[in-house]
Amino acid sequence: MTQVVTLSAPNAQDCVALAEIELCGELMIAAADALEDRLSPDRIDEVLNVRDVLSEPVPSIPRQARHRG
C-alpha cells in the first residue's frame, strides 16, 4: 500500500518556525563574517533588527476595569 502525502497551506506554527530559521541563518552569516570570536549583544540586536525599547516609547493599550459580579 502506498501512502500519499498531501500538502496544505502553511499554518501559523509553520510561519513562526520559518521566521525563526531565517533569523538563525542571519545570525550564522553574521557570525561567519565577524572578525571577533563572538558577536556582541549590540551586533546581535542589529542583525535581528531589534530596537532599543527604552529609547522609543511603546504604545500601550489601556486596561479596562475588572467587573465584579
Side-chain angles (χ1 to χ4, degrees):
M1 177 178 244
T2 305
Q3 289 184 336
V4 176
V5 177
T6 58
L7 300 177
S8 62
N11 60 29
Q13 289 177 339
D14 292 340
C15 293
V16 170
L18 290 173
E20 289 176 353
I21 291 168
E22 184 177 347
L23 291 174
C24 288
E26 294 294 328
L27 284 173
M28 287 189 274
I29 291 168
D33 290 341
L35 298 176
E36 59 274 353
D37 288 339
R38 294 180 179 205
L39 294 177
S40 69
D42 290 335
R43 178 66 180 132
I44 293 171
D45 288 348
E46 181 182 335
V47 170
L48 298 179
N49 197 22
V50 176
R51 65 187 165 106
D52 188 5
V53 175
L54 298 177
S55 67
E56 296 181 27
V58 177
S60 62
I61 300 172
R63 294 179 180 241
Q64 295 180 355
R66 282 203 150 138
H67 296 284
R68 295 183 187 202

Are more than 12 heavy atoms, taken from residues, nucleotides or ligands other than Gln13, located less than 6.0 Å from that residue's CD atom? no
Any chance you could measure Cys24, atom SG, to Ile29, atom CD1, to the nearest 0.5 Å? 11.5 Å
Within this structure, what is the CD-SG distance for the pair Glu20 and Cys15, rounded to the nearest 0.5 Å? 11.5 Å
Gap between atom CG of Leu27 and atom CD1 of Ile44 - 0.5 Å precision: 6.5 Å
Residues in side chain to side chain donor-acceptor pair (under 3.5 Å) contact with Glu26, at least two apart in sequence or another chain: none
Heavy-atom closest pair, residues Ala30 and Val47: CB-CG2, 3.5 Å
How many angstroms lie between atom CG of Leu18 and atom CG of Leu23, to the nearest 0.5 angstrom? 11.0 Å
